[in-house]
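The structure under discussion appears below in the form of structure tokens.
These figures come from a predicted structure and were not determined experimentally. Here is the naming used below: chain letters follow the sequence lines, and residue numbers restart at 1 for every chain.
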Number of protein chains: 2
Amino acid sequence: MTIAAPAKPARRAPRSRSSAETRIVRSIGEAIADRRLPPGTKLTEESLAEIFGVSRERVRKVLLLLAQRRVVTLIPNRGAFVAKPTAREAREVFEARRVIERSIMERLEGMPRPLPAEMLARLRDHETLEDAAEQAADRKAMIRLSGQFHLLLAEFAGNATLAGILADLIDRSGLAIAAFERQSSHTCSAEDHRRLIAALAGNAPGEAAALMIAHLDAVERQLDLDTKPETRIDLKAIFADEPA
Amino acid sequence: MTIAAPAKPARRAPRSRSSAETRIVRSIGEAIADRRLPPGTKLTEESLAEIFGVSRERVRKVLLLLAQRRVVTLIPNRGAFVAKPTAREAREVFEARRVIERSIMERLEGMPRPLPAEMLARLRDHETLEDAAEQAADRKAMIRLSGQFHLLLAEFAGNATLAGILADLIDRSGLAIAAFERQSSHTCSAEDHRRLIAALAGNAPGEAAALMIAHLDAVERQLDLDTKPETRIDLKAIFADEPA
DNA sequence: CTCTCCCACATTGTGCACAATCTGGCTGGT
DNA sequence: ACCAGCCAGATTGTGCACAATGTGGGAGAG
């Protein structure tokens, strides 16, 4: 298990203690998002503590936070593992995204026209980055940028609470994709995103929302959510909290 | 600050360690939900540890979990406080609920008719409880039952992920209500809920979803989200993580 | 040779002691 | 009288030592 070493291994005095934790959360979160840490990977407290140059207690706290966000799974007395969503959970996450992102697009479509130039500019700048990543076949960058695109739209919609919820769902859909993607490499969604921007810039009511639904459907359809799970279930883990 | 003593003060051996934590989370969560712990209340680790008969470490972990759910606010070196949403956050939470609960009602409306008898029966049983609480003017029970009603609908819709998200939003809207409700006591929503059930049992497409939107709008409109905050902001807390 | 039981090791869980920080009041100076 | 600075008490934060638990391998019997 390799994790990207932190940019600065605790050299400068931390401006605040909690920012060290958010840094670690982000590091691990990104490593999970771009698949350097595939679902099921064991996250040993000691190793992480050494890698990030912090005490085990701090790592423990970070893992607890990530577990709340369902990005890692905590099994009592067994340790922390990168979460491995079930097919059902994967479907639920995509449906939740459709629900939330449809409303985000509807809200953006409901904004007074023309849309702020700055908004469109930032979206198009982002799209340029996505194109570049696609050209370079930089899969990790594509995944990260794709998530950021959806989050960017959420921020423009102006509801930080919904954006926060969506951020978690994006992380989890990344896990779902990692766990269920088919062998056949799929052409990623830069083109879809371009069309979404065009629909927003244009004026056909409902088009952007419909495109977003279609986009999320397309991503979900590229997954193999029908085959039965070949990895056998860990019964002990499942029943760890049952009465004796 | 008084908190309901736990039912059994750590007498029987805990079946598992984590269930003790979930018990405390629920105890505190319920105390917050039905306003025994109003927004802004300080939650001292030591006191909670004593009350629940556990070590301070465990309380600390519980507070971290509740902070993730935005039910309590953690201020470094200052302690934990029952969260006090801003007006903006309150509006965002209600909009998020409209988004999610509209889709839940749409999904329920899309189920094959007639709806399962058991589902309607459970909803009507629940409604009976709400009526009883309203008759008895048991405000705490009304609040709790109202939240459970919305959660029940979410469960019937069959998406556990969305239901989990909604559960958090319901808690937070309870906080928003506690923080912003007007002096004038409002007639609570038992009648609205009755109409929702009727719309679901009936067959007019879109009616239940529309009623849900109206219901949530009505609850939000009963709040006073326009007056400026009289409680001065804790600047130190806000800038605790800023660079020096 | 295989299967089971058991033990040693590795990893996680917990309480405690001490360090760091904040609050509120007190004191001394102007 | 008022204000600044400071000190004591209270509260939170952190590392460490040890306890509890799970895992894997090896020994011994069949």
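Residues B/Phe156 and B/Leu152 meet the side-chain proximity criterion, which asks for heavy atoms closer than 4.5 Å.
Separating the NZ atom of A/Lys61 from the C1' atom of C/dT14 is a distance of 17 Å, rounded to the nearest angstrom. Rounding to whole angstrom units, CG of residue B/Leu63 and P of D/dT11 are separated by 15 Å. One atom, CZ of A/Arg58, and another, P of C/dA20, lie 14 Å apart when rounded to the nearest Å. For the pair A/Glu57 CD and D/dG13 P, the computed distance is 14 Å after rounding to whole Å.
Electrostatic pairing of B/Glu45 and B/Arg58 does not count as a salt bridge here, judged by no charged N lying under 4.0 Å from a carboxylate O.
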Between side-chain atoms of residues 64-73 of chain B and protein atoms elsewhere (two or more places apart, or another chain), which donor-acceptor pairs fall under 3.5 Å?
unit_1	atom_1	unit_2	atom_2	d
B/Arg69	NE	B/Asp168	OD1	3.3
B/Arg69	NH2	B/Asp171	OD2	2.7

B/Glu181 vs B/Arg139, test: salt bridge (charged side-chain N to carboxylate O under 4.0 Å, His left out). Steps then yes/no.
CA-CA 14 Å; B/Glu181 74 183 337; B/Arg139 192 164 165 69; 2.8 Å; yes
Derivation of the salt bridge (charged side-chain N to carboxylate O under 4.0 Å, His left out) call for A/Arg36 and A/Glu30
CA-CA 9 Å; A/Arg36 285 173 312 203; A/Glu30 282 174 8; 5.4 Å; no
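The side chain to side chain donor-acceptor pair (under 3.5 Å) contacts involving residues 147-165 of chain B comprise A/Glu92-B/Thr161, B/Arg97-B/His150, B/Glu101-B/His150, B/His150-B/His193, B/His150-B/His215, where partners must be two or more places apart or lie in separate chains.
By the side-chain hydrogen bond (donor to acceptor under 3.5 Å, both in side chains) test, B/Glu220 pairs with B/Arg98, sequence neighbours left out. The side-chain hydrogen bond (donor to acceptor under 3.5 Å, both in side chains) check on A/Arg102 picks up B/Glu106, with sequence neighbours excluded.
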Hey, what are the protein-to-nucleotides 8-12 of chain C N/O distances that come in under 3.5 Å?
unit_1	atom_1	unit_2	atom_2	d
C/dT12	OP2	A/Glu45	N	3.4

Pairing of DNA chain D as dot-bracket, 5' to 3': ( ) intra-strand, [ ] crossing, | other strand, . unpaired, with Watson-Crick or G-U pairs under 3.5 Å?
||||||||||||||||||||||||||||||
